[in-house]
Amino acid sequence: MEDYDHVEIEERWRKKWEDNEIHKTKRDEERTPFYLIFAYPGISGFLHLGHMRCYTYTDILARYKEMTGFNVLFPAGTHPTGNQAISLAKKLEEGDQKKIDYMKRNGATQEDIERMKDPEEVVKYFNEIYREEYWKDFGFSIDFDYFTYTTRDDYKKFITWQFKKLKEKELLTQKPYFGTECVECGPVAVDPSETDLSKGGNAEKQEFTLLKFEYGERYVTAATLRPETVFGQTNLWVDPEMEYVIVEIKDEEWIMSNEAADKLNYQKDRIEKIDTIKGEEMIGDKVVAPGIGREIVILPASFLDPDFGTGIVTSVPSDAPYDRIALKDIKQDEELKERYDLDIDDLEPIEIIESDEWGTDPAEKIIEELDISSQEEEERLEEATERIYRAGFHTGEMLDTCGDYSGMRVQDAKEKIKHDLIEEGKADVIYDLSEEVICRCGGKVVVGKIPDQWFIRYSDEELTEKSIEQAEKMMITPQSYADNLPTTIEWFQDRSCARRGNWMGTEFPFEEDWIIEAIADSTLYPAFYVIAKHYNQGTINADQMTEEFFDHVFLGEYKPEKVSEKTGIAEEDLEEIRSDFEYWYPLDLNLGGKEHMTVHFPVFLMNHVAIFEEEDRPRGIFVNWWLVGKGGKISKSKGGAEPIPDAAEKYGVDTLRLFYAHSASPFVDKEWTEDEAFTYQKKLDALWDLIKKVRDVKGEEKKIDDHLKSRFNRLLKRYHEFMDDYEIRKGANIAFYNIPAEINWYLKRGGSDPELLNEVGEKLVRMIAPFTPHIAEELSDNWDIDFVTQQRLPRYQEEKISDLAESREDYVKKVREDIKHILDIAEVEGEKIYIYVAEGWKKEVLERMKEEPEKGMGLMGELVEEIDAPSDELASFVQEALEDIKTRGAEKLHVDLDEREVLEESLEFLKKEFDAEISISKAGQDDIYDPENRSSQSKPKRPAIYIE
RNA sequence: GCGGGGGUAGCCAAGCAUGGCCAACGGCGAUAGACUCAAGAUCUAUUCCCAUAGGGGUCCGAGGGUUCAAAUCCCUUCCCCCGCACCA
């Protein structure tokens, strides 16, 4: 056999698989179907090794299931919905050099780039790349006859149908929604990945209570995150230098900063700036504070930001460190008081909340504790504010200054006060972002009101309940997610499902200009793969995919002849499609990364529950964590970021597959290192050599054969147990580590049965096939097997598992270790090794003690009678044995082997191991050579040793 | 805040559900030796501390507890990470 040349081997086998169409899947009523998918990727650009982790797990399980006799369906598709392809095309159109370099670095030609100025071409291009360069190059057993993507005509028909079903079931609803939008280009997503943004991905959308202070005919407005503190209000802060605006809203006039008015414009229906007012003009005036109906005074402040809230702040000096400091300052500022004619010497904080940590006057207390002396110490003031808020929210209780809310917990009072104020018209709600956010296009991102947003009603009680029921029945891996999913479903609220603007996706069927959103069109799709195959083969076209068609195929409604008549699809084709669906569905396993846990997986499940019959709901979910680079992201400098085809060639596909399978549990983030990848390459080299070696061994049957047979079958059994539980790493550990180690031990021990070695070698090659199919195919050539990946995995043979055979070997190993240990630390030549196995009576004693361990030392009397041994030795031996019983249990006393015989059989091995003469004798016999009387220390299964 | 995950030897990373066979899988790195002109290649051994006879000590974030026995179970505590919705 040649040396292991992964590039050549892998390419050759992939071609052979394709030429022989071994991944093509057909319905076969004789076999149990197993249907699995990975969560298809969006078209986001080139992928790297991190993305391949999930796909590899999917393929390993697909192949394992196939090799255990299931008829496996493993399709794949892509998900171009959204604007990623559009924004890439736009960048290329604009000649964005960074993007162009990126495309070229990954192998795009100038021609490709030209043509990708059209988003449709972007989709086409990446569909090709994903299929040919990623999935096929990794040797995945995907049947591409089922391939589809979400912006194709047929898929859109499917989504249209799905939304009609949701509507029928009254799971669609319309209500106002406050979402993030760019003032230039419409809705955008604000999230750390900054897909749509150029700045501010970490911003949060915050809900403020807008308090309205009566100021003559008008209202002064102030925004707060803490409506529960209204009872502590003592004054308002207004910046005398700032020019505020007066806006007309409904029939009222509100005063706020110009910036605030601009933002509010996106959230309120009619709003008009009618006048301005300088802050200075209001200083010293009185307003009526909402909620408490008390007059408070307007005071000057310089720390106000027109872009935060309304540029006016209500002051709660008892609970807000900022306000406390500012109030202190101003009370001492005689000049200022005089200028504005302020009479505020009596203005004192009003205690409103008591918390465990901060008592009733938290602001004062924390200012002292943090030693804050001025308004300038912003950082510490922020910290103080945060700490008080947290303590108050958790442990706080409203004091009796708080009217009807006295005695309530802050958590409850907060919501209730807000609600009541709004109810009474004394407050409103506004939204703002916690930091500045700028769109990709350069426009400012604000929170805007969409009055008639469409939602899927995931809050529906029945749907929630049924989904939880289903989740509890499913096989969900890992266990932590199984525990979690029901809670997630419970928490899941209505989710908007369509948006206006320039997106790729399916047109929303009930309103023009709306496109179905990306999460919403990727929930039921495993069902659609089954139909996509028939579309791909030309059996049906998109126009024929009417409502009746889907109702029939998925739900079994209508007679085929009726649907056939309506759609023009031949009746037999319809029956074929329907049978396919019935055969393959439900989906057995959906695999996806951890990012899907709170978004995709819940809606995937809930849509199935909403629309499909009980027997067609999914059975399993497998979540994997990520492959990350040092410091979080996969980066170019450390490897792993190279284009996937390059990586496949550099490390080897099987190497990478084994890396994914074995280097870490699927349920932790794994750091990528190139060194580790090369280690796995060497591992495959070693396996290659081992198989070669195994083929060449000539010899005969020996006692040690039983041990290998036993170990192999025991491990094979566990391999299946692990793999059936999707314990991929543990399965790989057995196939690539434990079993080769057993074979190596066997050879080391002088095992040499060609028949056995061939059997084990050949079975091992089948066991590695799900993980590293290419090398498995190549190695199986040794046994003239065509397509080992089409074979069945070996079944373990229970009758070959032998505790005795293994315990013999454990014994030899233990003796070997002990000798080694002694040689390590004792200064002896090590030319002659004497081993003394224990006298027979010691074994008898143990057997007797095992029968009645509870008797303890009380057994001594009987033993003295029964056993022929020196009484002092007997006593100390029993003493020790009793200790053993205590710590290890009586069962461990069992002695099942003829130690002398085992050692005699291992003589050659031990001689070779230690390059010494070995003498074996029985303790207690006369005329043995034992100058230091070691033999008396011998115990059953623990022979005494003397070395010189 | 709500919800979740985690802290294991120089590093990565198993084990924890079902306590004992755990000084703790596997790997990297390191050290020594073999092979070789040489080696980043391969193989062997060592890699918590002590120990000239198979032994002893300490150890799995920290502190307590349960138990004959705890990395594993319970309590307390410190620290890190992730998701939280229109983002695939």
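Below, read A as the first sequence line, B as the second, and so on, with proteins coming before strands; counting in each chain starts at 1. No experiment lies behind these values; they were computed from the predicted model shown.
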Legend entry - Assigned partner base of B:U47, Watson-Crick or wobble definition, under 3.5 Å: B:G29
Inset, instruction - Identify which nucleotide among B:C86, B:G54, B:A88 has an atom closest to any side-chain atom of A:Ile945, counting heavy atoms from C-beta outward. - result: B:G54
Inset, instruction - Output yes when at least one side-chain N/O atom of A:Tyr177 is less than 4.0 Å from OP1 or OP2 of B:C86, else no. - result: yes
Legend entry - Listed partners of A:Ala923 passing side chain to side chain contact (heavy atoms under 4.5 Å, CB included), at least two apart: A:Tyr836, A:Glu839, A:Ser935, A:Ser938
Inset, instruction - Using the C1' atom on both, measure B:C60 against B:G7 and round to a whole Å. - result: 10 Å
Inset, instruction - Describe the nucleic acid contact of A:Gln453 in one word from base, sugar-phosphate, nothing, applying a heavy-atom distance below 4.0 Å. - result: nothing
Inset, instruction - For B:C25 and B:A14, measure between their C1' atoms and round to the nearest Å. - result: 6 Å
Inset, instruction - Look at the side-chain N and O atoms of A:Arg942 and state whether any lies under 4.0 Å from the OP1 or OP2 oxygen of B:A53. - result: no
Inset, instruction - Would you indicate what A:Glu817 reaches in the nucleic acid, counting non-hydrogen atoms under 4.0 angstrom: base, sugar-phosphate, or nothing? - result: nothing
Inset, instruction - Determine the Euclidean distance between corresponding C1' atoms of B:G27 and B:G61; express it in Å to zero decimal places. - result: 24 Å
Legend entry - B:A17 pairs with, by Watson-Crick or G-U criteria that keep both distances under 3.5 Å: none
Inset, instruction - Scan A:His596 against the nucleic acid and name what it touches under 4.0 Å (heavy atoms): base, sugar-phosphate only, or nothing. - result: nothing
Legend entry - Sugar-phosphate, base or nothing in reach of A:Trp491, heavy atoms under 4.0 Å: base
Legend entry - Row check, A:Phe667 ring normal vs A:Lys594 NZ/CZ: under 6.0 Å, within 45°: no
Legend entry - Nearest-Å distance once atom C1' is located in both B:U42 and B:C35: 8 Å
Legend entry - Whole-Å distance separating the CZ atom of A:Phe678 from the P atom of B:C28: 13 Å
Inset, instruction - Please work out if A:His79 contacts a base, only the sugar-phosphate, or nothing of the nucleic acid, heavy-atom cut-off 4.0 Å. - result: sugar-phosphate
Inset, instruction - Starting from C1' on B:C84, measure out to CZ on A:Arg495 and report it in whole angstrom. - result: 11 Å
Inset, instruction - May I ask you to check whether A:Trp672 and A:Tyr651 place their ring centres under 6.0 Å from each other? - result: yes
Inset, instruction - Pick base, sugar-phosphate or nothing for A:Gln479, based on heavy-atom distances below 4.0 Å to the nucleic acid. - result: nothing
Inset, instruction - Using the ring of A:Tyr660 (Phe, Tyr or Trp, six-membered ring only), decide whether A:Arg53 places NZ or CZ under 6.0 Å from its centre and within 45 degrees of its axis. - result: no
Legend entry - Sugar-phosphate only, base, or nothing, as touched by A:Thr598 at under 4.0 Å among non-hydrogen atoms: sugar-phosphate
Inset, instruction - Measure the shortest side-chain to side-chain distance between A:Phe659 and A:Lys670 over non-hydrogen atoms and say whether it is less than 4.5 angstrom. - result: yes
Inset, instruction - Report which part of the nucleic acid A:Ala944 touches: base, sugar-phosphate, or nothing (heavy-atom distance under 4.0 Å, all strands). - result: base
Inset, instruction - Indicate yes or no: at least one non-hydrogen side-chain atom of A:Phe604 is less than 4.5 angstrom from one of A:Ile621. - result: yes
Inset, instruction - Please list, chain by chain and in numerical order, all residues satisfying side chain to side chain contact (heavy atoms under 4.5 Å, CB included) with A:Asn484, sequence neighbours excluded. - result: A:Tyr481, A:Thr488
Legend entry - Sequence-distant partners of A:Tyr149, side chain to side chain donor-acceptor pair (under 3.5 Å), two or more places apart: none
Inset, instruction - With sequence neighbours left out, write down each residue that passes salt bridge (charged side-chain N to carboxylate O under 4.0 Å, His left out) with A:Glu490, or none if nothing qualifies. - result: none
Inset, instruction - Please check if atom CG in A:Asp452 has more than 12 non-hydrogen atoms from other residues, nucleotides or ligands closer than 6.0 Å. - result: yes
Inset, instruction - With heavy atoms under 4.0 Å as the rule, sort A:Phe659 into base, sugar-phosphate or nothing. - result: nothing
Inset, instruction - Mind calculating the distance between NZ (A:Lys205) and C1' (B:C86) to the nearest angstrom? - result: 9 Å
Inset, instruction - Would you give a per-nucleotide map of nucleotides 38-48 of chain B, 5' to 3', where B means the base has a protein non-hydrogen atom under 4.0 Å away, S means only the sugar-phosphate does, and - means neither? - result: ---SS------
Inset, instruction - For A:Glu490 and B:G4, give me the distance from atom CD to atom C1', rounded to whole Å. - result: 17 Å
Inset, instruction - Could you pull out all residues at least two apart from A:Tyr946 that satisfy side chain to side chain donor-acceptor pair (under 3.5 Å)? - result: A:Glu948
Inset, instruction - Could you check which nucleotide pairs with B:G40 in any of the strands shown, counting Watson-Crick or G-U wobble with both distances under 3.5 Å? - result: none
Inset, instruction - Specify the residue among A:Pro943 and A:Trp625 whose closest nucleotide of RNA chain B lies further upstream toward the 5′ end. - result: A:Trp625
Legend entry - Minimum-distance nucleotide to A:Ser480 side chain [options: B:G26, B:G5, B:C28]: B:G5
Inset, instruction - Please work out if A:Thr487 contacts a base, only the sugar-phosphate, or nothing of the nucleic acid, heavy-atom cut-off 4.0 Å. - result: nothing
Inset, instruction - Report the distance from atom CD of A:Gln681 to atom P of B:C28, rounded to the nearest whole Å. - result: 13 Å
Inset, instruction - Mind checking A:Lys670 for me? I need base, sugar-phosphate or nothing, with any heavy atom below 4.0 Å counting as a touch. - result: sugar-phosphate
Legend entry - Nucleotide opposite B:C35 in a Watson-Crick or G-U pair, distances under 3.5 Å: none
Legend entry - Nearest-angstrom distance from the residue atom CG of A:Asp669 to P of B:C82: 9 Å
Inset, instruction - Give A:Asp483 one of three labels, base, sugar-phosphate or nothing, depending on what nucleic acid heavy atoms sit under 4.0 Å from its own. - result: nothing
Legend entry - Of the listed nucleotides B:C12, B:G4, B:C25, the one nearest the side chain of A:Asn733: B:C25
Legend entry - Those residues that, when tested against A:Asp803, pass salt bridge (charged side-chain N to carboxylate O under 4.0 Å, His left out) (two or more places apart): A:Arg714
Inset, instruction - Taking atom P in both B:C50 and B:A45, compute the distance separating them and give it to the nearest angstrom. - result: 23 Å
Legend entry - Residue matched to B:G3 through Watson-Crick or wobble contacts both under 3.5 angstrom: B:C82
Legend entry - Spacing of the P atoms in B:C48 and B:C59 (rounded, Å): 16 Å
Legend entry - A:Gln493, nearest nucleotide to its side chain (from B:A85, B:A88, B:G4): B:A85
Inset, instruction - Please report, rounded to the nearest Å, how far the P atom of B:G26 is from the OH atom of A:Tyr680. - result: 12 Å
Inset, instruction - State which of B:A51, B:C86, B:A53 makes the closest approach to the side chain of A:His821. - result: B:A51
Inset, instruction - Taking side chain to side chain contact (heavy atoms under 4.5 Å, CB included) as the test, write out the residues that go with A:His79, two or more places apart. - result: A:Tyr40, A:Thr81, A:Thr150, A:Ala518, A:Asp521, A:Ser522
Inset, instruction - For A:Gly179 and for A:Ile947, find the nucleotide of RNA chain B with the closest heavy atom, then tell me which residue's nucleotide is more 5'. - result: A:Ile947
Inset, instruction - Establish, yes or no, whether a centroid distance under 6.0 Å links the rings of A:His662 and A:Phe736. - result: no
Output one line per pair: protein atom, nucleotide atom from nucleotides 14-18 of chain B, and distance, for all N/O pairs under 3.5 Å.
unit_1 : atom_1 : unit_2   : atom_2 : d
B:A14  : OP1    : A:Ser665 : N      : 2.9
B:A14  : O2'    : A:Arg729 : NH1    : 3.3

Legend entry - Spacing of A:Trp503 atom CH2 relative to B:A88 atom P, expressed in whole Å: 7 Å
Legend entry - C1' spacing across the pair B:C79 / B:G56, given as an integer number of angstrom: 34 Å
Legend entry - C1' gap between B:U77 and B:G83, integer Å: 25 Å
